[in-house]
Amino acid sequence: MENIKKNKITPLFFCFTMALLLIMVLLLLSDIPQRDVAFRYAPMAEAFAKGNWAFAFHPKVPPLHPLLAGIITSVFSCSGFTACKIISGLFFSLSIFPVFGLFRKIFSEKIAFIASFMAILCPYLIRLGYSGLRDSAKEFAVMLTAYAVVAIFSNRNKIINYLFFGFGIGMLNLIRVENIALAGVALIFIFLLDLQQNFKFRIPYRWGFAFIISLLMLAPVLYYNYQVVGLPAPELRTAEMIGKIFPVISNHKASMKYQHQQNSVLTAAALQQIHSKSNISQSQLPEMTVNPSYIKATPKMAGKFIKNLIKGFFPLFFIFVIPVIYFRIKNKQWKQEETVVLVFFLLNIVVVIAPILLIERYLYVSDRYLITAIPLTFGWSAVGVAELYKFLNGRLPSLVLKLSVVGIIAGLILDGANPIIKSFTSRKKRTARKATLAIAEWIKEDFKREQQQVTVKQYLDHYVSYKRPLVSADKLPVLGYLAGGQNVNLDNAKKDYIISSKKICAENTVLVYELRVSGNNFYIWRNK
């Protein structure tokens, strides 16, 4: 660790190459998609590749991740699932660049190297990297924006930093809804920095340059949502707030109503009209659900909230953060740039949790919503690791210390690959995996009818692909997607196939296939 070369590109190139190789191996081994990928991102990517615009975009799903996956699907003729994995894996690897750059600016090249290594080895980040989810893109956008903010704070005249900042802000707005608040605060901060220098005011044209870049990236989404929900909002859930603050910008041809109506829908035909530049009547537009004024919370929910909050900090690395911050402040080593990073990190926690509490009105947070910003703390973690290594070096035999480091690295990688390993080793998960893949292949061969999108109601509050075959299989939730269609609920009126664990099924169905996997029976029923 002490003998890192002085050449700036060497440690960075090493970290990027390691991240890329690691995630490529795991991408190849991962063959069962996450639910969000199977239900939304992968079908949207495939719809984009086919030019089926009505199902390629949705106002509740920021478009960057499915759009990039759609381009990959179109260019390489791969599945949407594969494309989503490629995109998430690529952003996982690319995140090394802003992580390394950020901590080299604040600390040193050695600390930047250790922090980048920690970003590669963090198990939760690894899992997101091969999952196909959009969270790796958020990790990259958060780290790029943080790097740009610190770079501008250090040098307010370098235009390239404003370019990075504008691009990072644009990405944040195109990935997740809570990022809008994070981007907004960052924009205000950089505006104030560019507005004054040495206690003198100046025209903030550099900030304007960054703002224009982010606005150009966001413009297609604003136009799309203006046509669909009647307001130029980055995402559906921000439309109500924008509509209340600026009602004048609402589209009178597609005005939104904020009333409680669970069954409000937008037809696929109406979405097709949007892309053919036709007007939509008000009756075709949905009404948003209004959540209760109280926050839903139970002891069980509170326990899960605290558990996910702790997991979102990844305690194994975070354990170094607070002591290092304390001693750096005490020893007067603390830098202003560190304050910027710490505030940015804490702000992300607030913008993740606050909308769930204040808008959706229930006590919940997912650890993966928080973990994407945890690399912001890896600089302090790296300082702690470096000091610990320095303390142990000489007190422990060299071989023991080196083997311990290798063991920790191997353990972290195995932990990151744990979901994949369990899909092969755990009896329950192995059974589900084998059954899902086997039944999906059988349905693909059996479903000879014309593969087409069903022209039915498209819900505006959640995405539905309506790809056929329509499969009902509660215990195998992504089977429908892998079979070329989608999973549907048991109460849906029409299903092409029903998979059950018992030889009993509904009327007007016929048993067409039986499968036994690891002692478990699966019965496939087809509608007559």
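For the single chain, residues carry numbers from 1 onward in sequence order.
- Between K85 and S30, the shortest heavy-atom contact is NZ-O, 2.6 Å.
- Residue A141 comes nearest to I175 through the heavy atom pair CB-CD1, 3.9 Å, listed as atom of the first residue, atom of the second, then distance.
- The backbone N or O of A112 sits less than 3.5 Å from a side-chain atom of S116, completing a donor-acceptor pair.
- In this pair, Y463 and H58 present their aromatic rings perpendicular. The plane angle is above 60°, beyond the 30 to 60° band.
- Around atom CD1 of I203, no more than 12 heavy atoms belonging to other residues, nucleotides or ligands sit under 6.0 Å away.
- Between the S74 side chain and the I71 main chain, no donor and acceptor come within less than 3.5 Å of each other.
- Using a 30° and 60° split on the angle between ring planes, F317 and F314 fall in the perpendicular class, above 60°.
- E337 and K105 are not joined by a salt bridge, as no carboxylate oxygen comes within less than 4.0 angstrom of a charged side-chain nitrogen.
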Criterion side-chain contact (heavy atoms from CB on, under 4.5 Å) on C15 and I120, from CA distance to verdict: CA-CA 8 Å; C15 289; I120 298 169; 3.8 Å; yes
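- When all heavy atoms of F103 and A115 are compared, the pair lying nearest together is CD1-CB, 3.6 Å.
- Atoms OG and CZ, on S93 and F91 in that order, are 11.0 Å from each other to the nearest 0.5 Å.
- The number of heavy atoms from other shown groups lying within 6.0 Å of CZ (F189) is above 12.
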Please determine whether side-chain contact (heavy atoms from CB on, under 4.5 Å) holds for the pair F92 and L128, giving the CA-CA distance in whole Å, both sets of side-chain angles, and the decisive distance to 0.1 Å. CA-CA 8 Å; F92 168 80; L128 293 175; over 6 Å; no
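- Interatomic distance, R156 CZ to I190 CD1, rounded to the nearest 0.5 Å: 9.0 Å.
- When atom types are taken as modelled, the side chain of E46 and the backbone of G80 share a donor-acceptor pair closer than 3.5 angstrom.
- The aromatic rings of F14 and F113 sit tilted relative to each other, their planes meeting at an angle between 30° and 60°.
- Note that R176 lies in the cation-pi zone of Y369, set by a 6.0 Å cut-off to the ring centre and a 45° limit from the axis.
- Side-chain atoms of H65 never come within 3.5 Å of backbone atoms of S136 as a donor-acceptor pair (strictly under, hydrogens ignored).
- Between the S88 side chain and the G129 main chain, a donor and an acceptor come within less than 3.5 Å of each other.
- Between L67 and L174, the closest side-chain pair of non-hydrogen atoms is not below 4.5 Å.
- When the shell of 6.0 Å around NZ of K335 is examined, it contains more than 12 heavy atoms from other residues, nucleotides or ligands.
- One finds the OH atom of Y124 at 13.5 Å from the CZ atom of R368 (value rounded to the nearest 0.5 Å).
- The side-chain contact (heavy atoms from CB on, under 4.5 Å) test with L412 is passed by exactly one of I408, I409, D415: I408.
- The closest side-chain heavy-atom distance from C122 to F378 is below 4.5 Å.
- Across V385, I322, V341, a single residue satisfies side-chain contact (heavy atoms from CB on, under 4.5 Å) together with W380, and that is V341.
- Inter-residue side-chain proximity for W207 and I152 is flagged as unmet; no heavy-atom pair is nearer than 4.5 Å.
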Candidate pair F165 and F209, rule side-chain contact (heavy atoms from CB on, under 4.5 Å), full reasoning: CA-CA 10 Å; F165 177 71; F209 171 66; over 6 Å; no
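- In the displayed structure, R35 atom CZ is contacted under 6.0 Å by at most 12 heavy atoms of other residues, nucleotides or ligands.
- With rounding to the nearest 0.5 angstrom, the CZ atom of F211 is 5.0 Å from the CG atom of L215.
- Among all heavy-atom pairs drawn from Y41 and C84, the shortest one is CB-SG, 3.7 Å.
- Under the 4.5 Å side-chain criterion, counting only non-hydrogen atoms from C-beta, F391 is not in contact with E387.
- Although no hydrogens or angles enter the test, the distance criterion places no donor-acceptor pair under 3.5 Å between the side chain of W334 and the main chain of I325.
- For CG of L192, the number of neighbouring non-hydrogen atoms (other residues, nucleotides, ligands) closer than 6.0 Å is greater than 12.
- At least one side-chain heavy atom of D194 sits under 4.5 Å from a side-chain heavy atom of Y162.
- Annotation: the span from I111 atom CD1 to L102 atom CG amounts to 13.0 Å, rounded to 0.5 Å.
- Between the side chains of N52 and K467, no donor N or O sits under 3.5 Å from an acceptor N or O.
- You'll find the side chain of L231 stays beyond 4.5 Å of the side chain of N225, heavy atoms only.
- No donor-acceptor pair closer than 3.5 Å links the side chain of N348 to the backbone N or O of F344.
- Nearest approach of R206 to I159, heavy atoms of both residues: CG-CD1, 4.0 Å.
- Of the listed residues (I86, I23, L29, V25), just one forms a side-chain contact (heavy atoms from CB on, under 4.5 Å) with Y130, and that residue is I23.
- Between P66 and R40, every side-chain heavy-atom pair lies at or beyond the 4.5 Å cut-off.
- The distance from atom CG of D135 to atom CD1 of I371, rounded to the nearest 0.5 Å, is 10.5 Å.
- Within the 4.5 Å cutoff, the side chain of N179 has no heavy atoms near those of the N173 side chain.
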Please lay out, stage by stage, how V61 and M44 fare under the test side-chain contact (heavy atoms from CB on, under 4.5 Å). CA-CA 10 Å; V61 182; M44 293 173 80; 4.0 Å; yes
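- For Y389 (side chain) and V405 (main-chain N/O), no donor-acceptor pair under 3.5 Å exists by modelled atom type.
- A pairwise comparison of heavy atoms in A233 and L222 identifies C-CD2, 3.7 Å as the closest pair.
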